**Student:** 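Please find one structure pasted underneath; my questions will follow.
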Amino acid sequence: MYYIDPHIHMVSRTTDDYETLARMGCVALSEPAFWAGFDRSSADGFRDYFRQLTEVEPARAAQFGIQHYTWLCINAKEAENVELSREVIAMIPEFINCPNVLGIGEIGLNKNTPNEATVFMDHLDLAARLGQLILIHTPHLEDKLQGTRMILDMLQSDSRLQPERILVDHVEEHTIKHVLDGGFWAGMTLYPVTKCTPQRAADMIEIYGTERLCVNSAGDWGPSKPTAVPDFMIELRRRGHSESVIRQVVYDNPLTFFRQSANFQFREPLDLDTALA
Amino acid sequence: MSNARTSQEIFEREFLELRSKLLELAASFDRMQRGPGEPDQRARLVALGLDILRDDNGDKAARIQVLFSREYSPDWRVEFGI
Ligand SMILES: [Zn+2]
């Protein structure tokens, strides 16, 4: 079965990982802008990173038949520096029309500080003015519930934003209902240490259904497994769920969300089959 | 979404895993007991988490998550001055 990984940081993965993803059935992925494993010293550091996301990675992915999409922002960790953040936000319009850019993300909170909230709202304003989709990072561990609720509060108090154009990522058992009840899309991140396992993600599918729910691997600088989405697919299969249920979560849902962006010119592998026949 | 599997079927599949997770917990507690001194207040949260495992109510995963979470204040903007 083909699948899409809607949240994976390929700049921190090897070319061999691209090949493995392709062998596993990954046909498209989206890579949100995030922390590089170290704090960048200037806005120019981000300019180079945005070039990597819009030029280098799509070419690397295409070698294996994977369609690469991306999201731009300054992440919550570096957003503690408001001055630098505003320089980076001012630079985003230069890149926003690159063909693989789907929107603004992953913006959010990390330690739930006033500076992070200020920069988050600056990003929301940019997304609203440019009519962009939004991808959101929620904090981890003891900060997740508080941070997720602060984020939802900020989203719901900006009347220009439409919940169906926003995906709130890294939901877990205590935050998923808040996100889905608000009409937003929700992403479950399968991460070996701090986040969710394939088994717990499968539980949430059984409890909440498949509507507006996606799963991703994050695959970043920390301990992570780029092939976590296939692990989740196998878990659902072992539990006896139908192929159509699995396909909805790992393929149809990301497509429905991404298709709201004019830049998403996805070529379905199934259509390619018919074209060749 | 309805889950067609019975409790017994789930238990059958997960029994060895449950047993092994219990042993991991037991060994962690033994290790702490063998070390000198006392762990900090977070040990109290762990004890409360064990109570959640033992009670008769559902939503155990969500309740354990909340137990280890900082509280949300609807007045957070006032507190932040923004
Ligand atoms: Zn991420």
Side-chain angles (χ1 to χ4, degrees), chain A residues 82 109 111-122 138-154 156-157 171-178 194-197 199-211 213 235-236 238-242 244-245 248-249, chain B residues 1-25 28 39-82:
Chain A
V82 177
L109 299 175
K111 290 288 165 202
N112 309 339
T113 68
N115 282 355
E116 290 170 14
T118 300
V119 172
F120 180 76
M121 287 189 281
D122 284 3
T138 54
H140 306 309
L141 300 171
E142 72 271 22
D143 299 312
K144 183 179 294 291
L145 180 61
Q146 184 191 58
T148 302
R149 297 199 61 186
M150 287 168 64
I151 285 167
L152 295 178
D153 183 40
M154 288 184 272
Q156 282 159 340
S157 57
V171 299
E172 290 183 16
E173 290 88 346
H174 53 327
T175 56
I176 182 169
K177 193 171 182 325
H178 293 287
T194 56
K195 292 172 214 155
C196 188
T197 59
Q199 289 76 18
R200 284 169 45 216
D203 292 338
M204 285 187 264
I205 293 288
E206 288 174 347
I207 296 168
Y208 295 98
T210 53
E211 204 184 326
L213 257 177
E235 177 64 22
L236 282 184
R238 283 180 71 184
R239 294 185 186 195
H241 290 288
S242 69
S244 69
V245 161
Q248 184 175 353
V249 181
Chain B
M1 181 181 305
S2 69
N3 179 8
R5 298 183 305 162
T6 64
S7 291
Q8 176 56 33
E9 283 165 342
I10 297 168
F11 182 70
E12 189 62 43
R13 187 186 147 191
E14 303 203 358
F15 172 70
L16 283 177
E17 229 174 283
L18 278 169
R19 178 183 182 278
S20 131
K21 286 172 185 165
L22 274 178
L23 275 171
E24 287 300 322
L25 274 177
S28 283
D40 67 39
Q41 326 81 292
R42 285 172 303 168
R44 170 100 191 108
L45 293 179
V46 173
L48 290 171
L50 291 173
D51 291 343
I52 290 176
L53 292 185
R54 293 273 296 142
D55 72 24
D56 293 330
N57 302 317
D59 284 331
K60 292 182 190 294
R63 286 191 291 134
I64 288 183
Q65 291 274 25
V66 171
L67 174 68
F68 287 94
S69 296
R70 283 163 65 189
E71 213 173 309
Y72 170 71
S73 157
D75 294 326
W76 67 272
R77 286 174 205 250
V78 182
E79 289 155 25
F80 278 14
I82 54 175

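Convention: sequence-line order gives letters A, B, ...; per-chain numbering from 1. Since the model is a prediction, treat every value here as computed from it, not as a measurement.
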**Student:** Determine which residues belonging to residues 42-63 of chain B lie within contact range of chain A, meaning some heavy atom pair is under 4.5 Å apart, and list them by number or answer 'none'.
**Tutor:** B/A61, B/A62

**Student:** Side chain, backbone, both or neither: which part of A/M121 has a non-hydrogen atom closer than 4.5 Å to chain B?
**Tutor:** side chain

**Student:** Just so I understand: if I count every heavy-atom pair under 4.5 Å between each of A/G147, A/P114, A/G240 and chain B, which residue has the most?
**Tutor:** A/P114

**Student:** How far does OG of B/S69 sit from CZ of A/R149, to the nearest 0.5 angstrom?
**Tutor:** 11.0 Å

**Student:** Could you please state which residues from residues 73-82 of chain B sit under 4.5 angstrom from chain A, measuring non-hydrogen atom to non-hydrogen atom, sorted by number, or 'none'?
**Tutor:** B/W76, B/R77, B/F80, B/I82

**Student:** Within a 6.0 Å radius of atom CD on A/E211, are there more than 12 heavy atoms belonging to other residues, nucleotides or ligands?
**Tutor:** no

**Student:** Which heavy atom of A/K111 sits nearest to which heavy atom of B/R70, and what is that distance?
**Tutor:** O-NH1, 3.9 Å

**Student:** For the side chain of A/E142 and the backbone of B/F68, is there at least one donor-acceptor N/O pair under 3.5 Å apart?
**Tutor:** no

**Student:** Apply side-chain contact (heavy atoms from CB on, under 4.5 Å) to residues B/R13 and A/R238 and explain how you reach the verdict.
**Tutor:** CA-CA 10 Å; B/R13 187 186 147 191; A/R238 283 180 71 184; 3.2 Å; yes

**Student:** Applying side-chain contact (heavy atoms from CB on, under 4.5 Å), name anything that partners B/Q8, two or more places apart in sequence or on another chain.
**Tutor:** B/T6, B/F11, B/E12

**Student:** Going by side-chain contact (heavy atoms from CB on, under 4.5 Å), name the residues that satisfy it together with A/Q199, two or more places apart in sequence or in a different chain.
**Tutor:** A/T197, A/E235, A/R239

**Student:** Could you tell me which portion of A/D203 (side chain, backbone, both or neither) has an atom closer than 4.5 angstrom to a non-hydrogen atom of chain B?
**Tutor:** neither

**Student:** With a 4.5 angstrom heavy-atom cut-off, which part of A/T175 approaches chain B: side chain, backbone, both or neither?
**Tutor:** neither

